[in-house]
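Take a look at the structure below.
This is a predicted model, so every value here is computed, not measured. Just so it is clear: chains get the letters A, B, ... in the order the sequence lines come, proteins before strands, and each one is counted from 1.
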There are 2 protein chains.
Amino acid sequence: MTRSLQSELKKRHPFDSLEQEATLAVMRTSDLLENRLARLLRENGLTLTQYNVLRILRGEGKPMPCLEVADRMIQVAPAITRVVDQLLGMGLITKTQSVHDRRVFEIALTPTASPLLRKIDQPLLDLHTNLLAAATKSDLKTLIRILEQVRSGIVDN
Amino acid sequence: MTRSLQSELKKRHPFDSLEQEATLAVMRTSDLLENRLARLLRENGLTLTQYNVLRILRGEGKPMPCLEVADRMIQVAPAITRVVDQLLGMGLITKTQSVHDRRVFEIALTPTASPLLRKIDQPLLDLHTNLLAAATKSDLKTLIRILEQVRSGIVDN
DNA sequence: TGTAAACAAATGATGAGTCAAGTACTCCTT
DNA sequence: AAGGAGTACTTGACTCATCATTTGTTTACA
């Protein structure tokens with residue numbers, strides 16, 4: 001409330017806690033990485049979200065329910081519906097109603113999608129390598145381990 | 001092109017490279033963290049971006065040009081203009097044209113902003129602590145170091 | 001001096017994500 | 001065998017971020 005308290009809060013060290021500094025570091029780095037990836041994908045007519053759906057479908061290798069795809073991304077349901085619509089319009093996926101549960105719609109890659117994905121594979125791999133070139137392999141493993149630990153410690157909803 | 005090549009690309013290991021795995025880990029973790037922070041801030045009538053501008057201004061302690069604020073975030077210029085407009089509308093900042101360079105508009109916190117920021121400080125600090133509670137202090141330091149190294153290795157634009 | 005390049009910020013159009021509500025379907029209960 | 005709860009999406013309205021372009025203003029240099 002008072003001016004003295006206000007200036008007291010102004011610290012030489014820019015962060016109030018190690019946790020805050022780490023959070024901001026993760027978010028800043030992520031933004032930077034996302035921008036670069038998005039740029040490369042845009043040159044191939046895809047958004048990051050669209051590509052992620054395709055990547056997940058390829059990884060799975062068989063048709064998947066929409067919401068299961070959403071789960072593997074951070075995406076919420078309505079977003080997936082729209083991405084699926086876009087990819088359908090591009091002819092990159094098919095959507096079929098499941099016979100076992102007619103609430104479920106399964107999506108799968110079309111033959112058109114495969115060459116597109118393969119065309120992107122190498123440049124994307126190169127980009128990934130370049131973006132993280134400043135870190136050693138061992139650091140990357142450490143990074144992955146710590147982040148995994150962090151995520152597992154965050155209870156959902 | 002052929003079906004055999006396609007299935008050849010399907011690996012048991014879900015990631016093509018350590019770098020890709022690390023990138024995705026950073027992005028997923030960031031999304032998770034952002035969601036939580038955004039939720040807390042929304043309860044206080046702020047978006048993450050708006051709060052970041054206020055935080056940077058408080059950290060600086062004196063008026064700053066818009067673009068300098070943008071630089072400290074990842075934000076691109078047009079985004080800042082709009083956030084500044086929003087914060088102006090809320091009465092949380094002032095904007096004055098610099099007398100030295102009339103292209104420049106400097107923004108600064110109003111007295112209204114300080115109590116709001118202080119009100120948020122403690123819950124936010126607690127949230128940061130909770131979100132990263134699964135990692136040890138030493139891991140957090142390592143995390144910060146590696147991410148900093150990664151960011152410094154990414155040439156801008 | 002005058003004119004072009006560079007710069008800070010604003011603007012308009014577009015697109016992606018989020019929330020709230022709605023539809024269609026399944027499963028569970030009694 | 002209803003009735004109700006829950007699930008898998010869908011849709012519409014809205015907000016926020018981004019791109020491309022434009023408006024002032026300053027600097028550089030010819």
Side-chain angles (χ1 to χ4, degrees), chain A residues 27-28 30-32 34-43 45-54 63-90 93-107 157, chain B residues 27-28 30-43 45-54 63-90 93-108 157:
Chain A
M27 289 175 15
R28 276 188 74 99
S30 176
D31 267 359
L32 217 53
E34 272 184 41
N35 280 343
R36 301 317 178 86
L37 295 177
R39 202 178 300 176
L40 171 63
L41 290 172
R42 194 169 53 236
E43 290 165 10
L46 291 175
T47 65
L48 201 54
T49 311
Q50 288 165 358
Y51 175 77
N52 270 331
V53 171
L54 298 178
M64 281 177 83
C66 291
L67 282 195
E68 195 171 327
V69 176
D71 273 350
R72 301 220 194 158
M73 305 166 62
I74 302 291
Q75 296 290 336
V76 77
I80 283 294
T81 300
R82 294 199 163 97
V83 180
V84 164
D85 282 348
Q86 294 161 0
L87 293 171
L88 274 174
M90 298 183 211
I93 62 170
T94 58
K95 183 170 84 168
T96 56
Q97 195 165 22
S98 164
V99 287
H100 304 300
D101 184 339
R102 288 188 315 192
R103 288 170 304 180
V104 173
F105 287 84
E106 298 192 321
I107 57 179
N157 280 12
Chain B
M27 285 171 23
R28 276 188 73 97
S30 176
D31 266 358
L32 219 53
L33 295 172
E34 271 184 41
N35 279 344
R36 302 318 178 86
L37 294 177
R39 199 178 304 176
L40 171 62
L41 290 173
R42 194 168 54 236
E43 291 165 10
L46 292 174
T47 66
L48 200 53
T49 311
Q50 288 165 359
Y51 176 76
N52 269 331
V53 171
L54 298 179
M64 281 178 82
C66 290
L67 281 195
E68 196 172 326
V69 175
D71 274 350
R72 302 224 192 155
M73 305 166 62
I74 302 291
Q75 297 288 338
V76 79
I80 284 293
T81 300
R82 296 205 160 92
V83 181
V84 165
D85 282 348
Q86 294 162 0
L87 293 172
L88 273 174
M90 297 184 212
I93 61 171
T94 57
K95 184 170 83 167
T96 55
Q97 194 166 23
S98 163
V99 287
H100 305 299
D101 184 339
R102 287 188 316 194
R103 290 171 302 182
V104 174
F105 286 84
E106 298 191 320
I107 57 179
N157 278 14

Legend entry - Note, B/Leu41 side chain near B/Thr47 side chain (heavy atom, < 4.5 Å): no
Legend entry - 4.5 Å side-chain heavy-atom contact, B/Leu48 and B/Arg39: no
Inset, instruction - Determine yes or no for a side-chain-to-main-chain donor-acceptor pair under 3.5 angstrom, with A/Gln75 supplying the side chain and A/Ala70 the backbone. - result: no
Legend entry - Separation of atom CG in A/Leu67 from atom C1' in D/dG6, rounded to whole Å: 13 Å
Legend entry - Expected output: side-chain B/Arg72 to main-chain B/Asn52 donor-acceptor under 3.5 Å: no
Legend entry - Distance in angstrom units between B/Ile80 CD1 and C/dA9 C1', rounded: 11 Å
Inset, instruction - Could you walk me through whether B/Ile80 and B/Leu67 pass side chain to side chain contact (heavy atoms under 4.5 Å, CB included), step by step? - result: CA-CA 8 Å; B/Ile80 284 293; B/Leu67 281 195; 5.8 Å; no
Inset, instruction - Grab the CG-P distance between A/Leu41 and C/dA16 for me, whole Å please. - result: 12 Å
Inset, instruction - Send over the distance from A/Ile74 CD1 to C/dA16 P, rounded to a whole Å. - result: 19 Å
Legend entry - Those residues of residues 95-107 of chain B lying under 4.0 Å from DNA chain D by at least one heavy atom: B/Asp101, B/Arg102, B/Arg103
Inset, instruction - Indicate yes or no: at least one non-hydrogen side-chain atom of B/Thr94 is less than 4.5 angstrom from one of B/Ile107. - result: no
Give me the distances for all protein-to-nucleotides 15-22 of chain D N/O pairs that come in under 3.5 Å?
residue, atom, partner, partner atom, Å
D/dA17, OP1, B/Thr49, OG1, 2.2
D/dT18, OP2, B/Gln75, OE1, 3.3
D/dT18, O4, B/Arg82, NH1, 2.8

Legend entry - Worked check of side chain to side chain contact (heavy atoms under 4.5 Å, CB included) between A/Met73 and A/Val69: CA-CA 7 Å; A/Met73 305 166 62; A/Val69 176; 4.1 Å; yes
Legend entry - B/Thr96: side-chain contact (heavy atoms from CB on, under 4.5 Å) partners, not counting sequence neighbours: B/Glu106
